[in-house]
Number of protein chains: 4
Amino acid sequence: MATTILVNQPVYPAMARPSNTETRRSEIVQALLTVMARHGYEKATIQLIAREARLSPGLLHYHFKHKQEILVALVEALADYAEHRFARLCDGQSQPRQQLEAYLHAWLSLGEGASPERVAAWVMIGAEAVRQPEVRTVYQRVIEAELSRLRGLIQQVQPHKPEPFASTLAASLLAMITGSAQLACATRDIMPSAYAAQAAIDYLRQALA
Amino acid sequence: MATTILVNQPVYPAMARPSNTETRRSEIVQALLTVMARHGYEKATIQLIAREARLSPGLLHYHFKHKQEILVALVEALADYAEHRFARLCDGQSQPRQQLEAYLHAWLSLGEGASPERVAAWVMIGAEAVRQPEVRTVYQRVIEAELSRLRGLIQQVQPHKPEPFASTLAASLLAMITGSAQLACATRDIMPSAYAAQAAIDYLRQALA
Amino acid sequence: MATTILVNQPVYPAMARPSNTETRRSEIVQALLTVMARHGYEKATIQLIAREARLSPGLLHYHFKHKQEILVALVEALADYAEHRFARLCDGQSQPRQQLEAYLHAWLSLGEGASPERVAAWVMIGAEAVRQPEVRTVYQRVIEAELSRLRGLIQQVQPHKPEPFASTLAASLLAMITGSAQLACATRDIMPSAYAAQAAIDYLRQALA
Amino acid sequence: MATTILVNQPVYPAMARPSNTETRRSEIVQALLTVMARHGYEKATIQLIAREARLSPGLLHYHFKHKQEILVALVEALADYAEHRFARLCDGQSQPRQQLEAYLHAWLSLGEGASPERVAAWVMIGAEAVRQPEVRTVYQRVIEAELSRLRGLIQQVQPHKPEPFASTLAASLLAMITGSAQLACATRDIMPSAYAAQAAIDYLRQALA
DNA sequence: AATGAATGAGTGTTCATTCAT
DNA sequence: GATGAATGAACACTCATTCAT
């Protein structure tokens with residue numbers, strides 16, 4: 001009997017009500033992603049985000065002290081997501097060259113699992129990083145990590161090329177990815193996402209030839 | 001012709017103060033450029049723009065009905081500026097290949113006449129184009145014109161390459177320019193503007209080789 | 001004619017609309033005085049103050065950047081008022097001893113011109129000075145000035161007493177004035193303002209005997 | 001009698017956890033004291049008080065229906081504390097004159113056991129008493145009791161002085177205590193607590209001379 | 001053409017209070 | 001008794017826009 005009670009009931013008074021903060025936080029971050037892709041950061045009001053997440057506005061400030069913190073959490077979530085997507089796309093690919101292409105697919109959201117919403121949100125985040133130092137910090141961290149990963153992959157494909165070959169090519173590719181996303185979002189009809197993305201892949205192949 | 005213009009202007013109160021609308025409009029647009037580079041579009045309030053232009057807030061709405069109209073005017077002004085800068089940098093260059101490099105310099109704001117302010121403002125405009133249809137329209141027009149010009153230059157350099165060589169390369173270059181500007185503004189210290197821009201030029205040379 | 005125009009019309013374009021900021025600011029400060037006497041500072045909301053002043057809430061923030069600035073302006077206005085009231089009550093009094101009593105009357109708001117509203121507001125201000133550094137700064141400045149003035153008056157009445165007689169007595173009187181105001185406001189029925197104030201005057205007479 | 005108390009307590013679940021309501025209530029009241037001394041009443045949020053007391057916010061409303069009730073309890077606790085401190089300081093003092101000075105020490109929190117926190121909280125309470133009737137009621141009760149006690153002590157020292165000697169002097173002293181506390185808290189650097197308090201004691205000695 | 005006061009809808013944020021667990 | 005998530009009504013403050021002068 002006693003054992004049953006111990007197993008079924010929380011033992012510590014601190015567990016009188018279990019925390020669901022992590023669940024709520026990710027719900028809120030996801031809602032910001034959706035709203036921001038449509039309206040941008042400034043027009044993504046707490047009210048709109050809350051409605052999207054089906055939560056009350058006050059609750060958002062219970063789980064995040066400031067609106068900006070949701071944005072920062074979103075940047076980290078998106079970086080995580082691309083990381084996982086890359087890992088999944090890489091799965092089984094032993095060739096660095098194919099891993100590189102998988103990388104581009106992951107960030108350009110091509111093929112299955114494509115998410116125009118994420119691409120648009122990432123474009124908005126880039127603009128916010130220009131003017132919000134706190135956002136810039138995390139944005140820079142992500143960019144640095146991606147640059148470093150790209151450099152590593154390139155060096156595996158072309159181990160004999162001296163620097164700054166890998167560094168320059170990595171920067172070019174990242175600029176191209178970023179710019180493709182930007183142009184695809186801002187011009188929609190006239191330059192489809194796939195088109196700009198294909199250009200990046202062509203470039204890569206040519207550069208590594 | 002000159003007479004016609006004089007006729008179209010009010011004759012009777014000719015001694016009254018001459019219209020300075022165009023002057024004022026460009027002052028206001030210039031002020032938006034400056035403020036927007038620092039604070040983004042939403043935080044570029046009418047009050048801030050007016051203070052920057054040393055004008056009264058009310059006057060801004062005399063010359064522009066809505067804030068968005070200033071933004072649209074700015075997009076056009078920036079396109080004009082790049083056009084003129086390109087024309088000036090091209091001056092004397094008869095070689096299409098050198099014109100192409102001049103083009104990249106003009107848009108990436110390298111060398112003399114570089115203007116980080118314009119680059120930052122252009123990045124902010126790109127983000128606004130994603131969510132404001134009116135801005136997107138002019139933004140698209142500019143992008144289309146630039147794509148077309150780039151395509152033409154490339155075809156002059158490599159007249160024998162079949163499509164979609166020129167189209168793809170033009171798109172790649174524009175994506176790279178856009179992405180370089182974005183990364184330079186949003187990461188400042190870790191990826192200097194010149195670095196990303198140089199990568200674009202390297203890419204161009206390689207592609208045309 | 002030209003003269004008439006010059007006289008009747010504003011000459012400088014800067015005067016297209018004359019400023020009424022000073023008028024509005026004092027109206028707002030007066031409204032804060034009234035509302036704060038009744039509800040305290042925190043409960044004196046911008047809405048309440050605006051309604052009291054018959055102005056729109058937005059206008060309050062046009063003339064004062066932050067609510068706290070209204071409070072700081074009120075502290076200065078109250079110090080000014082007591083200064084003027086003291087000057088008026090002193091008028092014709094050549095005797096320092098009578099000036100001292102006039103001083104107490106001025107601050108305790110006795111006799112004609114008494115203003116329970118001002119006394120209550122001053123009590124609230126004292127509490128805010130404890131926790132708001134910006135308010136404390138002006139509050140301290142006022143207290144120091146009053147201490148210094150009191151010390152001077154006492155020294156005129158009793159020029160032969162060595163220090164710290166005047167300093168101590170000045171501090172005692174100010175503490176008494178402050179405490180009388182506090183008790184009168186917070187206990188209303190059981191200790192009328194006049195009662196506590198009379199005690200201060202009795203004390204003064206006795207001390208100077 | 002003791003038995004009665006035991007009878008009134010629940011007998012059957014006697015082995016269940018014993019009530020700790022009184023402990024919790026005083027912890028909460030103590031936490032309000034600390035937080036209020038720093039931030040004032042309005043800014044002393046339930047969350048802040050709870051954190052200070054190392055309790056959960058919900059628990060505060062279990063022990064006190066409304067925030068104001070904690071404040072009322074604090075007023076009573078502070079009166080009790082001064083009472084006990086006075087009793088302790090009086091201990092062994094048979095002379096009414098020395099008891100009077102002990103009284104001033106107790107309320108002005110001089111010597112050992114001084115507590116700037118309590119003084120500051122008392123100042124905040126005085127301001128709240130002006131605008132909250134429920135607080136005013138308890139505040140008045142405390143003031144009346146103190147006035148009465150002071151009057152009694154003065155009459156013991158000067159039994160032959162006719163009224164309103166004792167009443168007036170008692171009121172003066174209480175005003176001075178109150179005002180000294182106020183000035184000490186609100187001006188900090190420029191008028192130390194001890195200074196203003198000493199003035200009160202000097203005054204008392206002089207008045208009783 | 002120009003001014004700057006005025007408005008009101010909307011913003012992020014706070015917070016006492018409630019309540020399921 | 002105790003927890004901490006949840007609510008909703010406030011709050012100070014912002015801002016594009018209007019308008020009398």
Side-chain angles (χ1 to χ4, degrees), chain A residues 9-10 12-21 23-24 42-50 55-68 70, chain B residues 16-21 23-24 42-50 55-68 70, chain C residues 9-10 12-21 23-24 42-50 55-68 70, chain D residues 16-21 23-24 42-50 55-68 70:
Chain A
Q9 284 187 355
Y12 304 112
M15 289 210 181
R17 181 167 183 176
S19 173
N20 62 350
T21 293
T23 313
R24 284 279 176 273
E42 294 286 338
K43 296 285 183 191
T45 67
I46 293 287
Q47 293 265 357
L48 267 180
I49 303 168
L55 299 173
S56 72
L59 193 56
L60 268 66
H61 279 99
Y62 179 80
H63 292 290
F64 292 93
K65 198 143 181 51
H66 301 291
K67 184 185 166 188
Q68 197 189 56
I70 315 180
Chain B
R17 70 178 91 156
S19 168
N20 57 358
T21 294
T23 314
R24 285 280 178 269
E42 294 287 337
K43 295 283 182 192
T45 69
I46 294 288
Q47 298 267 353
L48 265 180
I49 303 168
L55 298 173
S56 68
L59 195 55
L60 270 66
H61 276 92
Y62 179 83
H63 290 291
F64 294 92
K65 191 117 185 73
H66 300 292
K67 186 186 165 188
Q68 198 188 54
I70 317 180
Chain C
Q9 286 185 354
Y12 305 113
M15 287 207 182
R17 181 166 184 176
S19 173
N20 62 349
T21 294
T23 313
R24 284 280 177 274
E42 294 285 339
K43 295 283 182 192
T45 67
I46 294 288
Q47 293 264 0
L48 267 180
I49 303 168
L55 299 173
S56 72
L59 194 55
L60 268 66
H61 280 99
Y62 179 81
H63 291 290
F64 292 94
K65 198 144 181 51
H66 300 291
K67 185 184 166 188
Q68 197 190 56
I70 316 180
Chain D
R17 69 178 92 156
S19 169
N20 58 358
T21 294
T23 314
R24 284 281 177 267
E42 295 286 339
K43 296 282 181 190
T45 68
I46 294 287
Q47 299 267 353
L48 265 181
I49 303 167
L55 298 173
S56 69
L59 195 55
L60 268 66
H61 276 93
Y62 179 83
H63 289 292
F64 293 92
K65 191 120 184 70
H66 299 290
K67 186 184 165 189
Q68 198 188 55
I70 316 180

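Labels below follow one simple rule: chain letters A, B, ... track the order of the sequence lines, proteins then strands, and each chain is numbered from 1. None of these values were measured; they are calculated from a predicted model.
Enclosure of atom CD in A:Glu42 by more than 12 non-hydrogen atoms of other residues, nucleotides or ligands within 6.0 angstrom is indicated.
Look at C:Asn20 and you won't find any side-chain N or O under 4.0 angstrom from OP1 or OP2 of E:dG4. Listed pair A:Thr45 / E:dG10 fails the phosphate criterion, with no side-chain N or O lying under 4.0 Å from OP1 or OP2. Applying the 4.0 Å criterion to OP1 and OP2 of E:dA1, one finds that B:Tyr62 has a side-chain N or O inside that range. Phosphate proximity of E:dG4 to C:His63: absent, as no side-chain N or O sits under 4.0 Å from OP1 or OP2. Regarding contacts with the backbone of E:dG12, every side-chain N or O of A:His66 stays at 4.0 angstrom or more from both OP1 and OP2. Not one side-chain nitrogen or oxygen of A:Ser19 sits closer than 4.0 Å to the OP1 or OP2 atom of F:dT3.
Look at CG on C:Leu48: it is 9 Å from P on F:dA12, rounded to the nearest Å. Rounded to whole angstrom, the span from the CD atom of B:Gln47 across to the C1' atom of E:dT7 amounts to 13 Å. Between the C1' atom of E:dA16 and the CZ atom of D:Phe64 lies a distance of 15 Å, rounded to the nearest Å. Nucleotide F:dT17 holds its P atom 8 Å from the NZ atom of B:Lys67, rounded to whole Å. Remark: P of E:dA16 and NZ of C:Lys43 are 9 Å apart, rounded to the nearest angstrom. Atoms CD (B:Gln68) and C1' (F:dT17) sit 15 Å apart, rounded to a whole Å.
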Filtered N/O pairs between nucleotides 19-21 of chain E and protein, under 3.5 Å:
residue	atom	partner	partner atom	Å
E:dT21	O2	A:Ala16	O	3.0

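Each of A:Pro57 and B:Pro57 lies near DNA chain F, and the nucleotide nearest A:Pro57 is the one positioned closer to the 5' end. With DNA chain E read from its 5' end, the first of the two nearest nucleotides for A:Lys65 and B:Arg24 is the one closest to B:Arg24.
For A:Ser19, the side-chain contact (heavy atoms from CB on, under 4.5 Å) partners two or more places apart in sequence, or in a different chain, are A:Thr21.
In this structure a side-chain-to-backbone donor-acceptor pair under 3.5 Å is present from A:Lys67 to A:Ala44.
Residue-level contact check: B:Ser56 touches the bases, meaning some heavy atom is under 4.0 Å from a base atom.
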Problem set entry | Secondary-structure notation, DNA chain E, from Watson-Crick and G-U pairs under 3.5 angstrom (| other strand) | .||||||||||||||||||||

